[in-house]
Every structure is written in structure tokens, then in C-alpha cells.
Amino acid sequence: MKFLVVDDFSTMRRIIKNLLHDLGYANVTEADDGQTALPMLQGGNFDFLITDWNMPGMPGLDLLKAVRADAKLKQMPVLMLTAESKREQIVEAAQAGVNGYVIKPFTAVTLKEKIDKILESRAGAK
Amino acid sequence: MPAKTDLKERYGQAVAALTASMHADDEVAFATALGGFPDTAESTLRTDLRELTENLRFALDRFSTDSRLADLAEKEVPDARHRLEHVLKLTDEAAHATLDLVERSGPLAERTGVRAAGILPLWQRFRDRNIEQKDFQILLAAMDAFLPSARADSEQVRNNLAEVLMAQGYQDISGQIIRGVMQLVTEIEIVLVSLMRLSSVESVRAAPAAATSSRGHGPVVPGVDHGKVVSGQQDVDALLSGLGM
């Protein structure tokens, strides 16, 4: 399973990458904002997108909308991992088609739970 | 028309008093100076000066009541201080958490090393087939004690390292808060430059609009009003499940 982790802070990308490794997902690529991530997604056969919201360039919500608007990418599981915690924002992300929403600071257990849940529901839908 | 010297003689003193009181923004002195004008030109001069005073007052009023400037000074600058205090707290906590974990891990690694070193001579004699029955029994007992403790210690060190990794997350949160304060500083700079350029009664323009919701609002800072925010992951899950997710 190939993951793309999008966050403007390299420390956070490292944390997520390490946690994914611990969960058995060794194939993890990084991007520092939506603008960099979108062409990577379009050309990279990724299976799972984990993205922050608040980033310079293209923010995570716009990346999510771009993914959902792209015929090739629209089915991709997207987990938002962000410090954005306004209720209206979470509703907005849900309406834009996010599959999971984890707020920072987060725990390894929460990340695992959400990824498992998304993958389970994907497997069930197939 | 009177000669210039006449004008200076007749009005010089009164005009000087008027100018001085206007610069000092002293209404009483200004009115007294106005009353001191000697002849018929008085009423026209009075009207002009009154208009000038009103304009001056208007400019001062606009200056002092400009809402953006007031907002910046009264709310956002103290908020920024609060945000930076939170950054200090986050970095302090993360540094201490990391140091605690390193201090807890060091002795565990050391204990494993010391115990292994203690076993090595007997182990070497065993490998050389040069060990007595009694020493072999001691070696077995030492190995029995060492292996589970080494396993437990290394597992604890591994867990501590994972926690050290997680403690570095402070950099993301604090970086976002600092970036927000930097935006505020830029905004203050823009307002101050506008004030410096303020000519006569021009008002200070409002600062650029706040970030749109698509760009995000940044992390919640305790003590700063963020509107309706979730209190934690459980709250997020409840909200999303309410939306059918």
C-alpha cells in the first residue's frame, strides 16, 4: 500500500512516516503542500492520502476538493490530519468528501484506528 | 488696502497667539485669541479658523477612533502575546518530555550492557569448553535472569524512543502559531505606514482581510476565542458520526 503524506512541517511528516512504518506500511512518500502533492498523486499510483489542512501554497481542503474532482483520483481514501478544530471546518471537510479526520496533537492509536476503519470500509464496499 | 507693516502691526500678535493655541490644541486660549482680533476682517478670519479647527479635530478623532487600529492595539496584540506564551509552554514541555525519556532510557541501555559484560567471561569459557559444572550452573542462572530483563529493557527503550518522536510534534503546532503572529506583525506594519502617510483628514484604511476558511485558521490557543471548536478526537468522531460518517 502506497501512502502520500502531505504536511508543510518536516517533523510532522517524519512522525507520521515513522508511525506508518510501525504499522507495517513501508511505502510512504512525502509532499510539503497541496500544490506539490497533486501532480505526485496524478502520476504516482498512490493508495492512500494523509494531508494537513493549513499549509502555504495549496491548503489541504483545496487538495481534497481537487482529488475528488479528478476522475482518476476521486475514489482515493483521504485522511485529514490537522490542528484545525472548528466545527464548521470539520463539517466542510466532510462535505468535501474526506474519509477520516484526526486532530493534532494526536496519538499513534488514533491514527491506526482511523486508517484501519477507512481501509475496512473500503474493503467492505468492494 | 493697508500697507504690509500695518498688517503685521495690527494682526501679528493675534495671529501668533492663534497659531500657538491651535498647535497646542488649547480651545480656551484659541477662543481668547480670536476675541482679540481688532477689526472687521475678524468675522471672515474667525470662520476660516473655525473651519480649520474643525478639520483638525476631525482628523484627530478619525485617528483615535479608527477601529482597526483600536482592534490591533486592544485585542490582537495581547492575543499575540498569549499565543507566543503558549509556544513557549509547548516548547518547554516538549523539551522536558524528551529529556525525561532520554534520562529514563539511558540507565536501561546501560543496565543491559553491564549485565551482558558480566556474563561474557563465563560465556567465553563455556564456548572454549573450559567450564566447570558449578560455573556452568552460575552461567545458566545468569542467562535466565538476563534474557527476559534485556528483552523488557529494550522494549521499554523502544517505547521511550517512540514517545520522543511524538514529543517533536510541538514544532508543527508552534510553527503555525508563530506564523500567525508574523502575519499580525505585517498587518501592524501596514497600518503604521498608512498612519505615517496620513495627510490632513484621510482615514486609515482597514487592514487586509483575514484568511479564508479554505486556508485554515491554525491551532486553537487556550484563552483565545476561536468560536465553536471541538474539544478532542472524541468530539470530532461524534460530529462526523452525526453527519453519517
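Chain naming here is simple, since letters A, B, ... match the order of the sequence lines and numbering starts at 1 in each. Predicted, not measured: the structure shown is a model, and the values here were computed from it.
- A/Gln42 CD: more than 12 foreign heavy atoms inside a 6.0 Å radius.
- Ranked by heavy-atom pairs shorter than 4.5 Å toward chain A, the options B/Leu239, B/Leu240, B/Leu243, B/Val220 are led by B/Leu239.
- Within the 4.5 Å cutoff, no side-chain heavy atoms of A/Met80 are placed close to those of B/Val236.
- Residues A/Lys114 and B/Gln233 form a side-chain contact, since some pair of their non-hydrogen atoms from C-beta on lies under 4.5 Å apart.
- Using a 4.5 Å cut-off between heavy atoms, A/Ser85 contacts chain B through both its backbone and its side chain.
- At most 12 heavy atoms of other shown residues, nucleotides or ligands fall within 6.0 angstrom of atom NZ in B/Lys228.
- Looking only at heavy-atom pairs under 4.5 Å with chain B, the residue among A/Leu19, A/Thr110, A/Val102 that has the most is A/Val102.
- Neither the backbone nor the side chain of A/Lys117 comes within less than 4.5 Å of any heavy atom in chain B.
- The minimum heavy-atom distance between B/Gln168 and A/Ile15, with the atom names listed, is C-CD1, 3.9 Å.
- Within a 6.0 Å sphere centred on NZ of A/Lys112, heavy atoms belonging to other residues, nucleotides or ligands number 12 at most.
- Under 4.0 Å is where a charged nitrogen must lie from a carboxylate oxygen, and between B/Asp172 and A/Arg13 no such pair does.
- Heavy atoms closer than 4.5 Å to chain B are found in the side chain of A/Asp7, but not in its backbone.
- Options B/Gly218, B/Ser231, B/Gly169, B/Gly242 differ in how many heavy-atom pairs under 4.5 Å they form with chain A, and the most are formed by B/Gly218.
- Heavy atoms of B/Met166 lying under 4.5 Å from chain A belong to its backbone as well as its side chain.
- Within a 6.0 Å sphere centred on CZ of B/Arg125, heavy atoms belonging to other residues, nucleotides or ligands number more than 12.
- Note on A/Asp52, A/Ile90, A/Thr82, A/Asp22: by heavy-atom pairs under 4.5 Å with chain B, the leading option is A/Ile90.
- Distance alone, capped at 3.5 Å, places no donor-acceptor pair between the B/Arg215 side chain and the A/Met58 backbone.
- Taking 4.0 Å as the cut-off between side-chain N and carboxylate O, B/Arg179 and A/Asp8 count as a salt-bridged pair.
- Looking only at side-chain heavy atoms (C-beta outward), A/Arg87 and B/Asp235 come within less than 4.5 Å of each other.
- For the options A/Asn54, A/Asn99, A/Thr107, heavy-atom pairs under 4.5 Å to chain B are most numerous at A/Asn54.
- Shown here is B/Gln137, whose CD atom has more than 12 heavy atoms of other residues, nucleotides or ligands within 6.0 Å.
- Shown here for B/His217 and A/Glu84, the closest heavy-atom pair between the two residues is N-OE1, 2.6 Å.
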